Amino acid sequence: MSGPRLSYGGSRTSTGPTKKKVTVSYIIRDSESTLNCSGVTQLRADPHARHLFSAGRDSIIRCWNTLDCAHVSSFDHHTDWVNDIVLCKNSSILLSASSDTTLKVWNVPKATCLSTLKNHKDYVRCLAYSSARDLAASAGLDKIISLWDVNTLTELSSFNNTVTTNTLTGHKDSIYSLAMNDAGSVLVSGSTDKVIRVWDPISHSPIMKLKGHSDNVRSLVLSQDGTRCVSASSDGTVRLWSLKQQRCVETFRNHDDGVWALAVDEDFKHVYSGGRDMKVFVTDLCSSTSDYLFMESASILSLCLDPVEKKALWVSTTNSHINKWRCSDFAELASQVEGVTEGEEEEEEEEEEEEEEEEEEEATDVDE
């Protein structure tokens with residue numbers, strides 16, 4: 001059973017002050033079940049093994065075999081939604097961020113929790129990781145970005161749980177998205193203050209602010225050279241930013257509602273987007289053209305490209321399902337449709353020719 005989620009509301013009466021109602025809701029799950037029983041907030045693929053990790057609103061992190069979709073292991077220690085996860089140190093370590101205000105460090109092969117970090121004072125919403133520097137970043141509703149040395153985190157234990165961290169401050173509201181390049185030279189953060197901030201995680205200093213969105217910045221992806229960034233917002237747009245020019249160079253208005261998730265290929269040429277409208281689009285960042293791919297059955301929370309099948313996209317939504325879509329199938333389907341159409345046209349032509357021949361024979365008989 002996961003922890004309670006509280007919502008507050010009230011109504012004013014003519015005879016007295018506002019009375020607040022407190023609603024307590026629980027997600028009740030079978031302790032032996034290996035299936036998700038609520039929305040899946042984040043997906044991460046292990047590039048070194050055919051494994052997919054999912055973070056859930058039922059407070060559980062699960063590992064799946066992508067070949068047969070079988071459950072491999074569960075990571076059960078949080079007491080509220082798990083909002084984000086990142087794989088570190090060649091996927092041997094996993095970091096998780098939760099609405100229970102903690103970060104947890106996990107041993108992936110053993111599926112055990114190594115330590116719990118309580119640096120944040122509110123929901124922890126997002127994570128980012130640099131493999132070259134083994135540097136992780138966390139942020140959430142307390143408006144603070146914390147930087148962590150992953151090597152130090154792996155040495156923590158229940159007897160030695162003291163760790164120092166550097167913090168970055170500047171956002172005026174909750175932080176919902178982070179991204180960092182593998183080199184660890186650039187960090188970007190997005191917030192409900194509608195601003196994207198760019199940081200130097202080495203010197204712990206701010207570099208610039210990017211303004212243009214009119215609502216919460218829900219997702220960010222960053223090019224490996226740290227010169228370009230793509231953002232997704234609740235305002236329904238996806239924007240491409242040049243960090244060299246310090247401005248937005250392209251705005252894509254494909255979605256009918258808020259955009260909550262992004263995934264980008266290794267070359268930073270194609271970005272996939274999904275969100276509240278349940279639709280997935282792919283945008284070519286070179287030609288600035290977008291194509292509609294498919295529609296899910298619920299609002300989309302996370303997108304993850306399969307590291308082995310380059311055109312395969314894993315999608316999680318507000319329901320408990322994780323779906324795999326092969327994007328190349330859509331082109332093949334279009335070809336099949338065209339083929340069927342051509343075939344039908346050929347059959348119609350043959351039928352018309354046969355009818356003409358029969359009419360000619362009948363006319364000959366009449367003449368005779």
Side-chain angles (χ1 to χ4, degrees), residues 1-3 26-117 124-129 131 134 136 138 148 150-151 153-158 161 261 263 301-309 312-325:
M1 180 180 293
S2 66
Y26 288 85
I27 296 172
I28 301 175
R29 56 182 171 83
D30 185 347
S31 60
E32 302 299 325
S33 175
T34 60
L35 302 177
N36 299 308
C37 59
S38 190
V40 179
T41 55
Q42 188 59 270
L43 299 172
R44 301 290 183 187
D46 181 356
H48 307 286
R50 299 301 297 269
H51 286 165
L52 181 74
F53 293 82
S54 63
R57 289 179 174 178
D58 59 3
S59 78
I60 308 297
I61 302 163
R62 293 179 174 85
C63 177
W64 310 89
N65 187 320
T66 59
L67 293 176
D68 56 10
C69 296
H71 174 264
V72 177
S73 57
S74 292
F75 303 72
D76 186 356
H77 210 268
H78 281 293
T79 58
D80 209 331
W81 291 9
V82 182
N83 297 312
D84 202 358
I85 51 176
V86 290
L87 291 164
C88 310
K89 301 189 74 65
N90 294 321
S91 302
S92 63
I93 298 294
L94 184 143
L95 297 184
S96 58
S98 172
S99 292
D100 63 13
T101 75
T102 70
L103 295 172
K104 290 186 182 291
V105 185
W106 304 85
N107 180 309
V108 172
K110 297 181 180 180
T112 56
C113 181
L114 299 176
S115 60
T116 300
L117 308 173
V124 192
R125 289 287 313 186
C126 49
L127 297 167
Y129 174 66
S131 58
D134 274 327
S138 62
W148 308 88
V150 176
N151 290 315
L153 298 182
T154 58
E155 297 172 359
L156 298 178
S157 66
S158 57
N161 202 26
L301 296 177
S302 182
L303 301 171
C304 179
L305 283 166
D306 192 293
V308 178
E309 293 184 56
L313 187 68
W314 293 94
V315 183
S316 70
T317 66
T318 51
N319 63 31
S320 59
H321 300 291
I322 301 171
N323 296 323
K324 180 181 180 181
W325 298 81

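One is the number of the first residue; the rest follow in order along the sequence. Basis for what follows: all heavy atoms, side chains included, without hydrogens, waters or symmetry-related copies. Computed from a predicted structure; not experimentally measured.
- For S73 (side chain) and C63 (main-chain N/O), no donor-acceptor pair under 3.5 Å exists by modelled atom type.
- You'll find the side chain of H77 stays beyond 4.5 Å of the side chain of T112, heavy atoms only.
- The minimum heavy-atom distance between S91 and D46, with the atom names listed, is OG-OD1, 2.7 Å.
- Ring centroids of W64 and H51 are separated by 6.0 Å or more, keeping the two rings apart.
- Put simply, CD1 on I60 and OG on S74 are 6.5 Å apart, with the number rounded to the nearest 0.5 Å.
- With contacts defined as side-chain heavy-atom distances shorter than 4.5 Å, the pair S92/V108 does not qualify.
- Residues W314 and D306 share a closest heavy-atom pair of NE1-OD2, 3.0 Å.
- A distance of 12.0 Å separates OG in S316 from NE2 in H321, rounded to the nearest 0.5 Å.
- When every heavy atom of T102 is checked against every heavy atom of K104, the shortest pair comes out as OG1-CE, 4.0 Å.
- Contact of the V124 side chain with the N83 side chain is not registered, since no non-hydrogen atoms from C-beta on lie closer than 4.5 Å.
- You'll find the side chain of L313 reaches within 4.5 Å of the side chain of L303, heavy atoms only.
- Residues I85 and W106 are not in side-chain contact: their nearest non-hydrogen atoms beyond the backbone lie 4.5 Å or more apart.
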Run the numbers on L114 and I93 for side chain to side chain contact (heavy atoms under 4.5 Å, CB included), then give the verdict. CA-CA 9 Å; L114 299 176; I93 298 294; 4.0 Å; yes
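- Put simply, the side chain of R57 reaches to within 4.5 Å of the side chain of L301, judged on heavy atoms.
- Nearest approach of L127 to S138, heavy atoms of both residues: CD2-CB, 3.6 Å.
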Under the side chain to side chain contact (heavy atoms under 4.5 Å, CB included) rule, what do W148 and L95 come out as? Steps first, then yes or no, please. CA-CA 11 Å; W148 308 88; L95 297 184; 5.7 Å; no
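- For the pair Q42 and V82, the minimum side-chain heavy-atom distance is 4.5 Å or more.
- Here the side chains of L103 and L153 are not in contact, with every heavy-atom distance at 4.5 Å or above.
- The backbone N or O of V105 lies less than 3.5 Å from no partner atom in the side chain of S115, so there is not a single donor-acceptor pair.
- Nearest heavy atoms, S320 versus V40: O-CG2, 4.1 Å.
- Looking at every heavy atom in both residues, I322 comes nearest to S54 through CD1-CB, 3.6 Å.
- Listed by chain and residue number, H78, D80, D100 satisfy the side-chain contact (heavy atoms from CB on, under 4.5 Å) test with S98 (two or more places apart in sequence, or in another chain).
- Taken from CZ in R44 to CG in L87, the straight-line distance is 8.0 Å, to the nearest 0.5 Å.
- Within the model, atoms NZ of K89 and CG of N107 stand 12.5 Å from one another, a figure rounded to the nearest 0.5 Å.
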Test side chain to side chain contact (heavy atoms under 4.5 Å, CB included) on Y129 and D134; report intermediate values, then the result. CA-CA 7 Å; Y129 174 66; D134 274 327; 2.4 Å; yes
